[in-house]
Amino acid sequence: MAPEFPPGAISAYFKPNGSVDPEDPQYVALRQGGFKDWKLEVGGLVERPMKLSLGDLRALPSRSQITRHDCVEGWSCIGQWKGVQLSTVLTAAGLKPQARYIAFFCADTLEETMDNTGRYYETVGLIDAFHPQTILAYEMNYEPLKVGHGAPLRLRVERQLGYKMAKYIMRIEAIDDFAKISRGRGGFWEDRGYEWYAGI
Ligand SMILES: Nc1nc2c(c(=O)[nH]1)N[C@H]1C(S)=C(S)[C@@H](COP(=O)(O)O)O[C@H]1N2
Ligand SMILES: [Mo]
């Protein structure tokens, strides 16, 4: 387990990093509607593909944790996060036996590229996906997740570096291989040289 902290340890300021206000028109429309029409798509190598609203996610059992976020750039902040354990959603969807990774596809484009690989995405292995502290967070510091931190839903993978924790999640897919996604190294920053396994 990653260390957890008491409420008094929560950082007064938590730095928003990377994308902080996605411009994708579909995302902008959902944000303007207070994310009422947003739905998390769960698909790929699953028995029961699903679409879950924020209300659906909030109705599932939740986990709250106060943890330290470490960015590869060299800064850290402690925050409270609440959400649904990823394992709960994956168990509901039912992974097919070929599934080896979970991919997260995000609403934001960090870089305009010739080959359209600027969209943020991430992948984690099944051990991290089913870890008890791996949650799909809709709350931060006891408030609904703000846009700067990935509203309406972002991943927390507490034993890894910040870039694994995809913000603005639109779709989750169970996959057998990430070689065919984008530039093939398992994440936006991995495609630009960072390690796929970002364990702390
Ligand atoms: N979709 C998306 N997720 C992302 C990023 C991003 O730019 N876009 N940046 C990553 C990086 S490098 C870090 S450190 C954290 C920052 O989370 P924060 O904005 O809540 O501090 O989000 C990660 N997840
Ligand atoms: Mo980061």
**Report entry** ring pair (Phe, Tyr, Trp, His ring centres under 6.0 Å), paired with Y163, selected from W189, Y197, Y121, Y194
**Finding:** Y194

Requested in this report: Pick out which of F104, F188, F35, Y27 makes a ring pair (Phe, Tyr, Trp, His ring centres under 6.0 Å) with Y168.
Outcome: Y27

Query - Listed partners of E111 passing salt bridge (charged side-chain N to carboxylate O under 4.0 Å, His left out), at least two apart - result: R192

Query raised in the report: Can you list the residues that meet the salt bridge (charged side-chain N to carboxylate O under 4.0 Å, His left out) rule with K164, with sequence neighbours excluded?
Result: E122, E190

Report summary line: The residue among D191, D108, D24 that forms salt bridge (Lys or Arg N to Asp or Glu O under 4.0 Å) with R119 is D24

For [X] and [Y], which heavy atoms make the closest approach, and how far apart are they?
| X | Y | result |
| --- | --- | --- |
| A99 | A174 | CB-CB, 4.0 Å |
| K167 | G150 | CB-CA, 3.4 Å |
| S62 | Y138 | CB-OH, 3.5 Å |

Donor + acceptor pair across side chains of [X], [Y] (<3.5 Å):
| X | Y | value |
| --- | --- | --- |
| N17 | E73 | yes |
| Q80 | Q65 | no |
| E4 | Q133 | yes |
| S76 | D70 | yes |

Requested in this report: Find out if a path of hydrophobic residues (ILVMFWY) with successive side-chain heavy-atom gaps under 4.5 Å connects L57 to W81.
Outcome: no

[Y] side chain reached by [X] side chain, heavy atoms, under 4.5 Å:
| X | Y | result |
| --- | --- | --- |
| F5 | P3 | yes |
| R68 | C77 | no |
| L145 | L153 | no |

**Report entry** Cationic N near anionic O, under 4.0 Å, R183 to D115
**Finding:** yes

Query raised in the report: Quick one: side chain to side chain contact (heavy atoms under 4.5 Å, CB included) partners of A92, sequence neighbours excluded?
Result: M50

Query - Approximate separation, where rounding is to 0.5 Å, of R171 CZ and K51 NZ - result: 11.0 Å

Requested in this report: Step through it carefully: locate the ring centre of F178, locate the ring centre of W196, and say whether they are under 6.0 Å apart.
Outcome: yes

